[in-house]
> 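First the structure, then my questions, so here it is.
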Amino acid sequence: VYKNEFQLAKIDIGNQYDYINNSIQSMILAKDNSIWIGTFSSGLYKLNENDNGVFSIKHFKISEKRILSLTEKINGNILCGTENDGLFEYIQKSGEIKNYKYNRLNSDGLKSNSIWTVYNDDKDRIWIGYYNKGIDVYDDSYSKFNSFKNSPSQTNSLNSNSVTAIANDKHNRLWIGLLDGGVDVY
């Protein structure tokens, strides 16, 4: 059991304990209290804690690229934004993993494989922040993307096309962190 001190989390790997010794890039706590961890080059981990404070681990070798951002959809699926490997979705019910990638022939799809942040809002829309491509908002009920980009001639556009973080507040405003551009509010 963990106390108010820093210590490596013990991971049960069968008949012994181990630690995750990969560089951690992103983490979320899911609604079911599992912890999802995106690594620098070793894929995705899911941790579940037992009553004794020991964690069991499941490893998903989805990508050798950095998993920069994680979010949970309303249905419990986990989305992973990666550096140059697109968007991954772990389907909770089936255990299937889907990989969505940029296709230059599809103007209605992802704008880039460099996805710096993903966020799922209360309407189950997926906000995707890219390196140098702005933001896409995917609405599953309409199966379409809406895009937001920096446009220097418009005062109400994004201040930068490189989006590093997206969060919301109690007033349902989105706070958008930008590389070299500060923070925008939507």
> For residues 173-186, run the donor-acceptor check on the side chains, cut-off 3.5 Å, and write out each pair with its distance to 0.1 Å, sequence neighbours left out.
{"unit_1": "R173", "atom_1": "NE", "unit_2": "D169", "atom_2": "OD2", "d": "2.7"}
{"unit_1": "R173", "atom_1": "NH2", "unit_2": "D169", "atom_2": "OD2", "d": "2.8"}
{"unit_1": "W175", "atom_1": "NE1", "unit_2": "D169", "atom_2": "OD2", "d": "2.8"}
{"unit_1": "D184", "atom_1": "OD1", "unit_2": "N159", "atom_2": "ND2", "d": "2.4"}
{"unit_1": "D184", "atom_1": "OD2", "unit_2": "N159", "atom_2": "N", "d": "2.9"}

> Using atom types as modelled, flag every donor-acceptor pair under 3.5 Å from a side chain in residues 142-150 to any protein atom, sequence neighbours excluded.
{"unit_1": "S147", "atom_1": "OG", "unit_2": "K111", "atom_2": "NZ", "d": "3.4"}
{"unit_1": "S147", "atom_1": "OG", "unit_2": "D136", "atom_2": "OD1", "d": "2.5"}
{"unit_1": "N150", "atom_1": "ND2", "unit_2": "L158", "atom_2": "O", "d": "2.6"}

> For residues 59-81, pull every pair meeting ring pair (Phe, Tyr, Trp, His ring centres under 6.0 Å), keeping only residues two or more places apart or in separate chains.
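The answer is W36-F60, Y45-H59, F60-Y90.
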> Measure the spacing between CG of L79 and OG1 of T71 and express it to the nearest 0.5 Å.
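These two atoms lie 6.5 Å from each other.
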> What pair of heavy atoms forms the shortest contact from S26 to S69, and how long is it?
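Heavy atoms of S26 and S69 come nearest at OG-N, 3.9 Å.
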> Does a side-chain heavy-atom distance below 4.5 Å link Y130 with S162?
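Not touching, per the 4.5 Å side-chain cut-off.
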> Side chains of Q25 and T39: is there a donor and an acceptor less than 3.5 Å apart?
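The criterion, which ignores hydrogens and geometry beyond distance, is not satisfied for T39 and Q25.
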> Which heavy-atom pair separates L70 from C80 by the least distance, and what is that distance?
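Scanning both residues completely, I find the closest heavy atoms to be CD2-SG, 3.4 Å.
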> Pair up each side-chain donor or acceptor in residues 61-68 with any protein partner under 3.5 Å, not counting sequence neighbours, and list the distances.
{"unit_1": "S63", "atom_1": "OG", "unit_2": "K65", "atom_2": "N", "d": "2.9"}
{"unit_1": "S63", "atom_1": "OG", "unit_2": "D85", "atom_2": "OD2", "d": "2.6"}

> Working to the nearest 0.5 Å, report the span between CZ of F88 and CD1 of I115.
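Taking CZ in F88 and CD1 in I115, the distance rounds to 9.5 Å.
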> Start with the C-alpha gap between N161 and Y131, add the side-chain angles, then the distance that decides, and say whether side chain to side chain donor-acceptor pair (under 3.5 Å) holds.
CA-CA 7 Å; N161 279 324; Y131 170 72; over 6 Å; no
> With the side chain counted from C-beta on, respond yes when I37 and I35 share a heavy-atom pair under 4.5 Å apart, and no when they do not.
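When only atoms from C-beta onward are counted, I35 and I37 do touch, with a gap below 4.5 Å.
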> About how many Å separate OH of Y100 and CG of L87, when rounded to the nearest 0.5 Å?
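So the CG of L87 and the OH of Y100 are separated by 7.5 Å.
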> Do D122 and N172 have side chains that approach each other closer than 4.5 Å (heavy atoms only, starting at C-beta)?
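Yes - at least one pair of side-chain heavy atoms lies under 4.5 Å apart.
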> Taking all non-hydrogen atoms of both residues, which atom of Q92 and which atom of G76 are closest, and how far apart?
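In this case the closest contact between Q92 and G76 is CG-O, 2.8 Å.
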> To the nearest 0.5 Å, what is the distance between OG1 (T82) and CG (L44)?
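One gets 11.5 Å once the value is rounded to the nearest 0.5 Å.
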> Transitively linked via ILVMFWY side-chain contacts under 4.5 Å: Y138 with L110?
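Yes; L110 is reachable from Y138 via cluster members.
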> Taking the side chain as C-beta and beyond, is there a heavy-atom pair between W127 and V118 under 4.5 Å?
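W127 vs V118: side chains apart.
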> So if you build clusters from Ile, Leu, Val, Met, Phe, Trp, Tyr with side-chain heavy-atom gaps below 4.5 Å, do L47 and L29 land together?
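Per the 4.5 Å side-chain linkage, L47 and L29 are co-clustered.
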> Can you measure from CG (D124) to CG (N75) and round to the nearest 0.5 angstrom?
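The CG atom of N75 is 6.5 Å from CG of D124, to the nearest 0.5 Å.
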> Considering all heavy atoms of both residues, which atom of S112 and which atom of K133 are nearest to each other, and what is their separation?
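S112 and K133 have their closest heavy atoms at CB-CG, 3.9 Å.
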> State which residues pass salt bridge (charged side-chain N to carboxylate O under 4.0 Å, His left out) with D121; sequence neighbours excluded, sorted by chain then number.
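If we apply the salt bridge (charged side-chain N to carboxylate O under 4.0 Å, His left out) test to D121, skipping adjacent residues, the hits are R125.
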> Among residues at least two apart in sequence or on other chains, which ones pass salt bridge (charged side-chain N to carboxylate O under 4.0 Å, His left out) with K73?
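Residues passing salt bridge (charged side-chain N to carboxylate O under 4.0 Å, His left out) with K73: E89.
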> Check S157 against S151 and note the closest heavy-atom contact, atom names and distance.
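Taking S157 first and S151 second, the nearest heavy atoms are OG-N, 2.9 Å.
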> Can you tell if the side chain of N77 reaches within under 4.5 Å of the side chain of E72, non-hydrogen atoms only?
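With C-beta onward as the side chain, the pair stays apart.
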> State, yes or no, whether a side-chain contact exists between I97 and I91 at a heavy-atom distance under 4.5 Å.
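No, side chains not in contact.
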